[in-house]
Amino acid sequence: MIEQELKQHIAQALQQLYQVQAATEQISIEPTKSDFKGDFTFVVFPFLKQSKKGPEQTANEIGTYLSSHCALVSSFNVIKGFLNIELGNSVWFDFLHQHYQQPLFGFAPANSASRVLVEYSSPNTNKPLHLGHIRNNLLGYSVAELLKANGHTVFTCNLINDRGIHICKSMLAWIKAGMKDTPENTGKKGDKLVGDYYVAFDKQYKSEMKALVEKGMTEEEAEKNAPSILEAQVLLRKWEAGDSETIAIWKKMNGWVYDGFDVTYKKLGVSFDKYYYESETYLLGKDMVKEGLDKGVFFTKENQSVWIDLTADGLDQKLLLRADGTSVYITQDIGTAELKYKEFACDKSIYVVGNEQDYHFKVLQLVMQKLGKPYAPGIYHLSYGMVELPHGKMKSREGTVVDADDLIDEMIATATETTAALGKTEGLTEAALKELNETIALGALKYFILKVDPRKKMLFNPQESIDFHGNTGPFIQYTHARIRSVLRNAGAINAEELNRNEVQLHEPEKKLLELLYQYPATIKDAGQQMSPGVVANYTYEVAKAFNHFYHELSILKESNTHQRLFRIMLCTLTGHVLKSAFGMLGIQVPERM
RNA sequence: GGUCCCAUAGCUCAGCUGGAUAGAGCACCGGUUUUCUAAACCGAUGGUCACAGGUUCGAAUCCUGUUGGGACUACCA
């Protein structure tokens, strides 16, 4: 690493010049800002007290020391307390030669000892996936890829919330409607069909409530006494009792939903190593609550409900089991956590779940800790912000939900129009064209969502369709296609023929090389932060730098064969980095577009 | 009431382990194509980094307070 070597020499300089002992960790150097001349910058201000000299003099002295002692350094300049170090060209030629066609450039070596499980998606089975789920799925997939690139051994899973009152509501509406409609005879996607019945239930429920309120009931009473909700509760009890007819309907309708989800997952390009079902984990959760009672870390209230007291940890008391012995949301999460650990033995377990559940995961971690589970410290909630619409949150009741399938289809339609208008795809088969348009559409959507810091809420305006220009997925895909086009025209090359003495490093070439050099550090940073946005924004910088280079300097028409060869190698590495980085975002890059 | 999160250009977002003149894209205005893909490139306009204090050589970044917005605080999931 270039930085490490520079740091060591700077440490030596501080020692020799000022008798200062500084560990290399205390010395920070950063890439020089583009307004200034140089490759790396060392800020001397923190060492002025020890050097007992002014900033410029100190920087000059260190710079002089470096030029005579460090072979990498060719020259330096000083502005105030900033020592800008310029490296010799051979450093960059070495870098390019070493990595320009290395397939795993930037990736950490695989480490089988570090096992990580990423849970994401985790839908309910009573309604179709929407924009919020899209953010979840894209984040989960990408974070898993980022961790893999950082060497971790990664598994993914999806916990389906397949039981509870919500699915009973859809079931009830379907039963009442005569149990006739199926995905087959209506041609509807299974999750959409079940979602429609959920809406039908809600409509009926609302009208019953309204009638009760008019008769003089309070809202709260009406909510609890409307006939529909009572019937749904009967159904839930039948389910819990194992009533065969109820279970059969439940299985049938959930099956429809899974088929529907699979279609959407496939379109999004996400998949899971393992599915967990709440219906299969909640019983284990109940057992564990009993275990906690035996250990004395939980307690029972007079009505037999089970609680944990977290007031000492700054939280409240939290219910773990209802008075009637049935489980609540966290009960199954307790069971699932145990099951996950048994099956995957991961030291880190990541939950990609919205920030509305920050409290829930604090509780979950504390519960596991108090149960003495060894995996408790490894529980990590990757808490992402909500996707908001211009008028606020998505609400299914107000019809402001952006449906995942609809959004994807609209994006594909827009991409198809744009591609046709540009007319650069002559000669492609219809199938290839379709694939290209899907690649572009998904690229635009995924990039739009992933470029934003996961922890922040983000805004999506359905009226303004997602752009294909500027800092967007298609811009980067286009840059890749451009590079591939150049490389196709270039034909085969032999890097060994490159004579460095014949090659000049122009500003756009050097800027691009410097950026490409940052790729491994970017992967590491993105992995540590678990933020695909870091990769997305980096990729944009690379694409921009390439386009600048492409515009300023000609590649194939360059008459100096060594300069030409060098530029082709530079294109090769750039193309590779764009493709590799986009791979971590789950975005494909086309050969032409 | 309590806990947590957020506030940067007209809009959407970077920058936050303290460093140089706070950056992009979109929108708006102007320019670039006999030349390797113009989904591109170059330029102009646009800022009290919510507000007020503090810490220090230096604060968008760290600390405190204020204001504004959001989430959570269910025997829902």
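Because the structure is predicted, anything quoted here is derived from the model rather than measured. Below, chain A is the first sequence line, B the second, and so on; all start at residue 1.
What separates CD of Glu591(A) from P of U37(B) is a distance of 13 Å, to the nearest Å. Put simply, CG on Asn489(A) is 10 Å from P on C36(B), counting in whole angstrom units. Rounded to whole Å, the distance from CG on Leu366(A) to C1' on U3(B) is 14 Å. One interatomic measurement links the two molecules: CG of Asn355(A) to C1' of A71(B), which rounds to 6 Å at whole-angstrom precision. What separates CD of Glu388(A) from C1' of C13(B) is a distance of 15 Å, to the nearest Å. Between the CG atom of Asn547(A) and the C1' atom of C36(B) there is a distance of 13 Å, given to the nearest Å. In this structure, the CG atom of Asn77(A) is 12 Å from the C1' atom of A20(B), given to the nearest Å.
At a cut-off of 3.5 angstrom, counting only N and O atoms as typed in the model, there is no donor on one side facing an acceptor on the other between the side-chain of Thr479(A) and the base of A40(B). Interface remark: the Asn84(A) side chain does form a donor-acceptor pair with the A20(B) base, using a distance-only criterion of under 3.5 Å.
In this structure, Lys579(A) places its NZ atom where only 12 or fewer heavy-atom neighbours from other residues, nucleotides or ligands lie under 6.0 Å away.
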Give me, pair by pair, the N or O atoms of the protein and of nucleotides 15-19 of chain B that are less than 3.5 Å apart, along with how far apart they are.
unit_1: C16(B); atom_1: N4; unit_2: Lys456(A); atom_2: NZ; d: 3.4

- Query: Can you give one letter per nucleotide of nucleotides 24-30 of chain B, 5' to 3': B if a protein heavy atom sits under 4.0 Å from the base, S if only from the sugar-phosphate, - if neither?
  - Reply: SSS----
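Using cut-offs of 30° and 60° for the angle between ring planes, the Tyr519(A) and Tyr538(A) rings count as parallel.
Pairing analysis of RNA chain B (Watson-Crick: purine N1 to pyrimidine N3 plus N6-O4 or O6-N4; G-U wobble: N1-O2 and O6-N3; both under 3.5 Å) yields stems of 3 or more pairs at B:1-7 with B:67-73, B:10-13 with B:23-26, B:29-32 with B:40-43, B:50-54 with B:62-66.
Within the nucleic acid shown, Ile555(A) comes within 4.0 Å of at least one base atom, counting heavy atoms only. Residue Met593(A) is classed as a base contact, given a heavy-atom separation below 4.0 Å to a base. Within 4.0 Å (heavy atoms only), His360(A) reaches no atom of the nucleic acid at all.
No side-chain donor from either of Thr472(A) and Asp467(A) sits under 3.5 Å from a side-chain acceptor of the other.
The phosphate of U56(B) has neither OP1 nor OP2 within less than 4.0 Å of any side-chain N or O from Lys49(A).
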